[in-house]
S.K.: 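First the structure, which I've put down as structure tokens, then a few questions once you've had a look.
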Amino acid sequence: MVLVHPGAVRAADYADLAEAVRPGASLTVVDLEQVPEYFQAALTGGTADTSIDALADRVVEVLRGRDLPDRWTLAGWSFGGVVAHAAVSRLEPGERPETLVLLDSIAPVPEYTAGEEDLASGLVLDWFAMYLAAKRGRPVDVPPFTGADLDAGLALVLAAGLESGALLPGTGPPGLRKVFSAYADGLRRNNSLSRAHRPTPVHVPTWLVRPERGLLATPDPLGWSALTTRLVVAPCPGDHYSMLRDPAALAVLAGVTSPPAFSR
């Protein structure tokens, strides 16, 4: 199993997921944060001197450097799914994986690329609260941020994080704002890359796994129906981050290597 890792969580968090999808298989994690022009963009305002195609080429280079079996799975979580999809389109038909698994990943199509104003919205604050909870292993339970401005939303996150222990005692608004700014710059980087990308549809069996509390609540399969002719959508428990480790979510992932049928 090969998994494209976009950062934000630890690469080690994929071990149980890989075992669920491909029991007994070896796991290769292609870490995009090892690509300097990708990683640095999250620290410098979100403008990346690279492209999704260039990142996909890195993945293909890793794949071709390995002795892959006839049956293997390519997966990507979040933005990693976008790069994984692009990598499939750059492989020869005989090289392609048996299954492509997209883990709460948003397709790089116009309907699903955000404007700058969206990246300062309550939706992003909700994602940030999930992120902090995943990083610290403590809940950050906040009400929906609809209508909340950034400072008001961050104040709610700060209070919830201090109460649960997800944030260290003494953490104040400036410190939290700095963490949020770095998180938002990572989103800007990924969104900018998606806006510039012109994806090619692929024709391999594709699973889109969506957690109960994912990035978006839309019933549409996050834009992927336009980019694959063989798509199955599978719901799972958890949120965008906990889905990688939640035993109930992993139980769902155990079925994604042998889909019963594909919508077309």
S.K.: Show the nearest heavy-atom pair for residues Leu55 and Val35, with the distance to one decimal.
M.R.: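 Smallest heavy-atom distance, with atoms named: CD2-CG1, 4.0 Å.
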S.K.: Can you tell me if CD on Glu37 sees more than 12 non-hydrogen neighbours from other groups inside 6.0 Å?
M.R.: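 Yes - once you tally the heavy atoms of other residues, nucleotides and ligands closer than 6.0 Å, there are more than 12.
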S.K.: Once you round to the nearest 0.5 Å, how far does CG of Leu253 lie from CG of Leu103?
M.R.: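 Result: 6.0 Å between the selected atoms.
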S.K.: Is it true that a side-chain atom of Ser164 and a backbone atom of Arg138 form a donor plus acceptor pair closer than 3.5 Å?
M.R.: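 Checking the backbone N and O of Arg138 against the side chain of Ser164, no donor-acceptor pair under 3.5 Å is found.
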S.K.: Under a 3.5 Å distance rule, please check whether Ser194 uses its side chain to pair with a backbone N or O of Asn190 as donor and acceptor.
M.R.: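 Present.
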S.K.: For the backbone of Arg230 and the side chain of Thr228, can you confirm whether one donor and one acceptor N or O come within less than 3.5 Å of each other?
M.R.: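 At least one qualifying donor-acceptor pair exists.
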S.K.: For Arg189, does its backbone N or O pair with a side-chain atom of Ser192 as donor and acceptor, under 3.5 Å?
M.R.: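 No: the side chain of Ser192 does not pair with the backbone of Arg189.
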S.K.: Look only at the side chain of Trp224 and the backbone of Ser105, and say whether a donor-acceptor pair between them is shorter than 3.5 Å.
M.R.: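 Indeed, once roles are kept as given, a pair shorter than 3.5 Å links the two residues.
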S.K.: On a heavy-atom basis, which atom in Tyr14 and which in His5 lie closest, and how many Å separate them?
M.R.: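 Scanning both residues completely, I find the closest heavy atoms to be OH-ND1, 2.7 Å.
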S.K.: Atom OG1 of Thr73 and atom CZ of Arg22: how far apart are they, to the nearest 0.5 Å?
M.R.: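 Output value for this atom pair is 3.5 Å.
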S.K.: Would a single hydrophobic cluster contain both Val252 and Val232, if residues Ile, Leu, Val, Met, Phe, Trp and Tyr are joined by side-chain heavy-atom contacts under 4.5 Å?
M.R.: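 Not linked; separate clusters.
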S.K.: Hey, what do you get for CD1 (Ile106) to CZ (Phe79), rounding to the nearest 0.5 Å?
M.R.: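 Rounded to the nearest 0.5 Å, the CD1-CZ separation comes out at 11.5 Å.
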S.K.: For the atom pair CZ (Arg10) and CG (Leu244), what is the distance rounded to the nearest 0.5 Å?
M.R.: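 Taking CZ in Arg10 and CG in Leu244, the distance rounds to 11.0 Å.
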S.K.: For Glu61, look at atom CD and say whether over 12 heavy atoms of other residues, nucleotides or ligands are found less than 6.0 Å away.
M.R.: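 It does not: Glu61 CD has 12 such atoms or fewer within range.
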S.K.: One pair to check against side chain to side chain contact (heavy atoms under 4.5 Å, CB included): Leu216 and Trp127. What are the steps and the verdict?
M.R.: CA-CA 10 Å; Leu216 298 175; Trp127 297 351; 4.2 Å; yes
S.K.: Spell out, as yes or no, whether a donor-acceptor pair under 3.5 Å connects the side chain of Asp104 to the backbone of Leu215.
M.R.: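 Checked: pair present.
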S.K.: Go through Arg90 and Asp53 one step at a time and tell me if the side chain to side chain contact (heavy atoms under 4.5 Å, CB included) criterion holds.
M.R.: CA-CA 9 Å; Arg90 302 173 88 76; Asp53 284 338; 3.2 Å; yes
S.K.: Measure the acute angle between the ring planes of Tyr183 and Phe128, then classify it against the limits of 30° and 60° as parallel, tilted or perpendicular.
M.R.: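 The rings of Tyr183 and Phe128 sit tilted, inter-plane angle from 30° to 60°.
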S.K.: Crowded around Asp49 CG? As in, over 12 foreign heavy atoms under 6.0 Å?
M.R.: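 Check fails, neighbour count at 12 or below.
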S.K.: Evaluate Val202 against Thr200 for side chain to side chain contact (heavy atoms under 4.5 Å, CB included), listing each step before the verdict.
M.R.: CA-CA 6 Å; Val202 301; Thr200 300; 5.8 Å; no
S.K.: Can a donor-acceptor pair be found, under 3.5 Å and without considering hydrogens, that links the side chain of Glu212 to the backbone of Cys236?
M.R.: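 Such a contact is absent between Glu212 side chain and Cys236 backbone.
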S.K.: Under the salt bridge (Lys or Arg N to Asp or Glu O under 4.0 Å) rule, collect the residues that match up with Arg96, sequence neighbours excluded.
M.R.: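 Checked Arg96 against salt bridge (Lys or Arg N to Asp or Glu O under 4.0 Å); zero matches.
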S.K.: How long is the span from the CG atom in Leu32 to the CD atom in Gln34, to the nearest 0.5 Å?
M.R.: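 Rounded to the nearest 0.5 Å, the CG-CD separation comes to 9.5 Å.
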S.K.: I need the minimum non-hydrogen distance between Met1 and Ala75, along with the two atoms involved.
M.R.: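 Closest approach of Met1 to Ala75, heavy atoms only: CE-CB, 3.5 Å.
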S.K.: Whether the side chain of Trp77 engages the backbone of Pro6 through a donor-acceptor N/O pair (distance < 3.5 Å, no angle test) should be reported.
M.R.: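 No; judged by distance alone, with no hydrogens or angles, the pair does not exist.
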S.K.: Search all heavy atoms of Leu74 against all heavy atoms of Ala84 and return the closest pair with its distance.
M.R.: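 Taking every non-hydrogen atom into account, CD2-O, 3.5 Å.
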S.K.: If you define the side chain from C-beta out and look only at heavy atoms, does anything of Asp16 sit under 4.5 Å from Pro247?
M.R.: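 Side-chain contact under 4.5 Å: no.
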S.K.: In plain terms, say whether Asp151 and Arg177 are close enough for a salt bridge, that is, a side-chain N and a carboxylate O under 4.0 Å apart.
M.R.: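 A salt bridge is present here (some side-chain N lies under 4.0 Å from a carboxylate O).
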S.K.: Do Met130 and Leu167 sit in one hydrophobic cluster, given that two such residues count as connected whenever their side-chain heavy atoms are within less than 4.5 Å of each other, even indirectly?
M.R.: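 Result: yes, single cluster for both.
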S.K.: Could you give me the CA-CA distance, side-chain angles and deciding distance for His240 and Val9, then say whether side chain to side chain contact (heavy atoms under 4.5 Å, CB included) is met?
M.R.: CA-CA 11 Å; His240 181 64; Val9 299; over 6 Å; no
S.K.: Tell me, please, which residues at least two apart from Arg213 pass salt bridge (Lys or Arg N to Asp or Glu O under 4.0 Å).
M.R.: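 With sequence neighbours excluded, Arg213 shows a salt bridge (Lys or Arg N to Asp or Glu O under 4.0 Å) to Asp126, given in chain and number order.
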S.K.: Which atoms form the tightest heavy-atom contact between Ala134 and Tyr241, and what is the distance?
M.R.: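 In this case the closest contact between Ala134 and Tyr241 is CB-CB, 3.4 Å.
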S.K.: Which value, rounded to the nearest 0.5 Å, describes the distance between Phe39 atom CZ and Asp31 atom CG?
M.R.: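 It is 9.5 Å, given to the nearest 0.5 Å.
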S.K.: Quick one: closest heavy-atom pair of Arg64 and Leu91, and the distance?
M.R.: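 Smallest heavy-atom distance, with atoms named: NH2-CA, 4.2 Å.
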S.K.: Is there a path from Leu222 to Val82 through hydrophobic residues (I, L, V, M, F, W, Y) whose side chains come within less than 4.5 Å of each other?
M.R.: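 Cluster IDs for Leu222 and Val82 match.
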S.K.: So, His85 side chain and Leu227 main chain: donor-acceptor pair closer than 3.5 Å or not?
M.R.: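 Between the backbone of Leu227 and the side chain of His85 there is a qualifying donor-acceptor contact (under 3.5 Å).
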